[in-house]
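Some notes on the structure that comes next.
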2 protein chains.
Amino acid sequence: MKQKPTLKVIARELDVSVSTVSKALRDSKEIGEKTKERVKAFAKLYNYRPNNIALSLKNKKTKTLGVIIPEIVHHFFTTVISGIEKFANEQGYNVIVGLSNESFDKEVINLDMLANGSIDGFILSVAKETLSKQDFHHIAETIDQGIPIVMFDRVIDEIPCDKVIVDDVATSKKAVQQLINSGCKKIGIISTMDYVSVGKLRTRGYLEALNHNDIEVDFNAILKIDDKFHAATEHEALEKQIEIYFESNPEVDGIFAVNEIYAITAMKIARKLGKSIPEDIQFIGFTDGVLSQHAYPPLTTVSQHGFEMGEEAARLLIERLEKQDEETESYQTVVVNTEIVERETTK
Amino acid sequence: MKQKPTLKVIARELDVSVSTVSKALRDSKEIGEKTKERVKAFAKLYNYRPNNIALSLKNKKTKTLGVIIPEIVHHFFTTVISGIEKFANEQGYNVIVGLSNESFDKEVINLDMLANGSIDGFILSVAKETLSKQDFHHIAETIDQGIPIVMFDRVIDEIPCDKVIVDDVATSKKAVQQLINSGCKKIGIISTMDYVSVGKLRTRGYLEALNHNDIEVDFNAILKIDDKFHAATEHEALEKQIEIYFESNPEVDGIFAVNEIYAITAMKIARKLGKSIPEDIQFIGFTDGVLSQHAYPPLTTVSQHGFEMGEEAARLLIERLEKQDEETESYQTVVVNTEIVERETTK
DNA sequence: AGTTGCCACTAAAACGTTTTCGTGTTGACA
DNA sequence: TGTCAACACGAAAACGTTTTAGTGGCAACT
């Protein structure tokens, strides 16, 4: 087992001082040519790499980003992570991920564990429980300690920081409009509870589209799923809620769902109820992912461009980190554009 | 902006020495009761937390695990990460993820970036390109430097280290047997190229099942997809290959696919060709994920229990880390059991 | 009174870097 | 010959901890 050499052992071996070695490796002009050669040759031979931890301690920056998301088994979030990773790596940063599992406590713990010097800044999508409790002290405190945070997707208006979002209301409006244009007479929405910011905004877009077309709003056609912070484990409950919904709304011929799972589950129930897609009922989902692509029939969705969102978030964070001392420019919120990818659940 | 206090500022403020503060906080019996009280109160008031980086430097361990996977937008891998995260967090470890994107170079870079003190050990699933090049020097060198590695799923036999796998051949054999039991007369397999260890092993299981039932092997019914290291971007190519396959194998009435995507894509093509599932043709996939659950019809698959694999991998790694000095017990490879979850693509 | 032992605390080293400030040797120049 | 700059290098501090090895004072014991 070859131990990693340190400056100290190189210095001892070459009979020079530690500082000489350090300077030689950084090609300082203080050091003579032959010594530089000697040191570099030795370093290469023994595959010397500076110890990152020591550097972090010295520089007071770790060159790593903390990403905290509600869950990782979720196509949208992984796409975002990919974008973050790519950008971060290009800039020489690492990414450390924390999972909140939609839980307030785990979010607090994660923030806390990493805020002790392990990372330079956070990229965060807020847990549902946090959203519903409206308790944001941990986030505010982190920022107050000088650790920058960038929020994406699920965002908190009251907290001043950089944000990366999608224009949820405009996009939803556009999606519903498309349903209308395709001939739907009675359009329903399957959304989340209002404390989830995006659910609320997408519902607003839905309402705006109806109003804009002078269609009367039927509040029975608005289904707000209460999934107790964790969709994965409660799938039967979800199906049940949707089934009841369809039974009490037999005349809907268009569904706008705020995420893939809701859309696909609704399609399944609709099929079970004997409706054919898209002839009897059309569907548009939000958040384009593998599920939509491979659904039967392939689902028309609005793509949020998660990869791009990740890149943007990483860019915002790293830019802020690198010019920390310069003028503290005010916070930005970048809106990444969306796109409806038409597949076979719309006419 | 409140800066995090250090031992030094607490010491100065309270007019004691740094060591006293450190000991007081760790409740050392060397320190008098009233001093302890004073220090603790002050620390709590200013929300003191020891700086992780300094600790890492001192202890020569970072309490973080490096996880390197081929891609993150993939249900199986994210499930594994969840398992790793859970176990690691319970033991006070953090997880830093690196993406190889199935590329050899990125795998090397990732290993390199993190091996410089940033992490205590690796959990790794090998990139396809690495597998096909058969160049494992980076992995061997990392281990040689004293950094333990645990491999999972895609594993390299030649490298001695802890491993977490699934009994690919036995499981595949079982899956194919099930197809046989359900009345399939001509069973095909859609696999990967042989350099992907799991593809090879699963194909072997398929062959064993046929032999065991005295069914003659038709090598034309074995399709090996060559997806040039990146399935996501080449979906049409995949469809094309499968379509050609079906046309030259019209009589197959059962398909065993080594992953979800292959299975679902094959189902789509089969449907397009007018076959009905499972009446005309049955399907079993490998790697149970959201896609299988929500496919139409819901796909029968073998579940690899990714979460459990992640937990096991983390356990192996952390155990090795914590008893580093004790007897260097030999490497383990744990085989997590699999399970066929029957849905609607089999009779 | 002198020794011993304990108590409560401090000094300093160590982890691996980078960087500031010296410092001794050389050569050139007046 | 004496002065100065340039050169090539070293010592030490600093980042924030923990830990080992003291240290001074006091009480108890002989």
Side-chain angles (χ1 to χ4, degrees), chain A residues 3-40 42-43 46-64 92 114-120 145-146, chain B residues 3-40 42-43 46-64 92 114-120 145-147 324:
Chain A
Q3 279 296 357
K4 297 226 98 175
T6 67
L7 289 187
K8 201 195 289 194
V9 328
I10 299 185
R12 192 190 314 132
E13 218 69 19
L14 261 43
D15 207 41
V16 291
S17 79
V18 172
S19 19
T20 302
V21 178
S22 173
K23 287 171 186 166
L25 291 175
R26 330 207 105 245
D27 219 22
S28 156
K29 65 184 73 69
E30 288 184 55
I31 306 297
E33 277 310 321
K34 17 10 193 252
T35 319
K36 276 194 208 170
E37 292 310 317
R38 254 180 8 119
V39 172
K40 285 183 188 168
F42 192 94
Y46 286 94
N47 192 31
Y48 169 79
R49 297 298 157 86
N51 179 306
N52 244 317
I53 297 292
L55 285 182
S56 297
L57 183 58
K58 179 117 242 286
N59 302 333
K60 286 161 149 284
K61 50 178 59 176
T62 60
K63 287 251 176 191
T64 106
L114 298 178
N116 298 288
S118 303
I119 53 93
D120 294 341
Q145 277 170 19
Chain B
Q3 280 295 358
K4 298 227 97 175
T6 66
L7 289 187
K8 202 196 289 192
V9 328
I10 299 185
R12 192 189 316 133
E13 218 69 20
L14 262 43
D15 207 41
V16 292
S17 79
V18 172
S19 19
T20 303
V21 178
S22 174
K23 287 173 184 164
L25 291 175
R26 330 207 106 246
D27 220 20
S28 156
K29 66 185 72 70
E30 290 185 54
I31 306 297
E33 275 312 321
K34 31 328 183 299
T35 319
K36 275 194 207 170
E37 292 311 316
R38 248 173 22 110
V39 172
K40 284 183 187 168
F42 192 94
Y46 286 94
N47 191 31
Y48 169 80
R49 298 299 157 86
N51 179 306
N52 245 316
I53 297 291
L55 285 181
S56 297
L57 183 58
K58 179 117 244 285
N59 302 333
K60 287 163 149 283
K61 49 178 58 177
T62 59
K63 286 253 176 189
T64 106
L114 298 178
N116 298 190
S118 302
I119 53 93
D120 294 340
Q145 278 171 20
I147 302 178
Q324 202 128 43

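Chain A is the first sequence line, chain B the second, and so forth, proteins listed ahead of strands; every chain is numbered from 1.
- Partners of Arg38(B) under the side chain to side chain donor-acceptor pair (under 3.5 Å) rule, at least two apart in sequence or in another chain, do not exist in this structure.
- Among the heavy atoms of the strands lying under 4.0 Å from Ser22(A) is at least one base atom, whether or not backbone atoms are also near.
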Tabulate below the donor-acceptor pairs under 3.5 Å that side-chain atoms of residues 10-17 of chain B make, not counting sequence neighbours, or state none.
unit_1, atom_1, unit_2, atom_2, d
Ser17(B), OG, Ser19(B), N, 3.4
Ser17(B), OG, Ser19(B), OG, 3.2
Ser17(B), OG, Thr20(B), N, 3.2
Ser17(B), OG, Thr20(B), OG1, 3.0

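- Counting non-hydrogen atoms of neighbouring residues, nucleotides and ligands closer than 6.0 angstrom, the OH atom of Tyr46(B) reaches no more than 12 such neighbours.
- Residue Lys8(A) contributes atom NZ, which lies 15 Å from atom P of dT18(C) at whole-angstrom precision.
- Protein atom CZ of Arg26(B) is 19 Å distant from nucleotide atom C1' of dA8(C), rounded to whole Å.
- In this view, Lys40(A) and Asp27(A) satisfy the side chain to side chain donor-acceptor pair (under 3.5 Å) rule, not counting sequence neighbours.
- When heavy atoms are screened at a 4.0 angstrom cut-off, Thr35(A) is found touching the sugar-phosphate backbone but no base atom.
- Using a 4.0 Å cut-off between charged side-chain N and carboxylate O, Glu37(B) and Lys34(B) make no salt bridge.
- Contacts of Asn116(A) classified as side chain to side chain donor-acceptor pair (under 3.5 Å), with partners at least two apart in sequence or in another chain: Lys4(B).
- Taking Ser118(B) as the reference, Asn52(A) meet the side chain to side chain donor-acceptor pair (under 3.5 Å) condition, with sequence neighbours excluded.
- Applying the side-chain contact (heavy atoms from CB on, under 4.5 Å) criterion to Glu30(A), with sequence neighbours excluded, gives Lys23(A), Ser28(A).
- In the helix from dA1(C)-dT30(D) to dA30(C)-dT1(D), the terminal helix axes, each the rotation mapping four pairs' C1' atoms onto the next four within five end pairs, subtend 80°, rounded to 10°.
- By the side-chain contact (heavy atoms from CB on, under 4.5 Å) test, Thr64(A) is found to be paired with Thr62(A), Asn94(A), Ile96(A), Ile119(A), residues two or more places apart in sequence or in another chain being considered.
- In this view, Leu57(B) and Ile53(A), Ala54(A), Leu57(A) satisfy the side-chain contact (heavy atoms from CB on, under 4.5 Å) rule, not counting sequence neighbours.
- Here Leu57(A) lies in heavy-atom contact (under 4.0 Å) with a base.
- Summary of the strand contacts: Leu7(A) and Lys34(B) both lie near DNA chain C, and taking for each the nucleotide with the nearest heavy atom, the more 5' one is attributed to Lys34(B).
- Phosphate contact (OP1/OP2 of dC9(C), side-chain N/O of Ser17(B), threshold under 4.0 Å): absent.
- Checked against side-chain contact (heavy atoms from CB on, under 4.5 Å), Leu55(B) has the following partners two or more places apart in sequence or in another chain: Pro50(B), Asn59(B).
- The residue among Val21(B) and Lys58(A) whose nearest nucleotide of DNA chain C is located toward the 5' end is Val21(B).
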I'd like a list of close polar pairs between nucleotides 20-25 of chain C and the protein, N/O only, cut-off under 3.5 Å.
unit_1, atom_1, unit_2, atom_2, d
dT20(C), O4, Lys23(A), NZ, 3.1

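- Bounding nucleotides for the chain A contact on DNA chain D, 5' to 3', at a heavy-atom distance below 4.0 Å, are dA8(D) to dG16(D).
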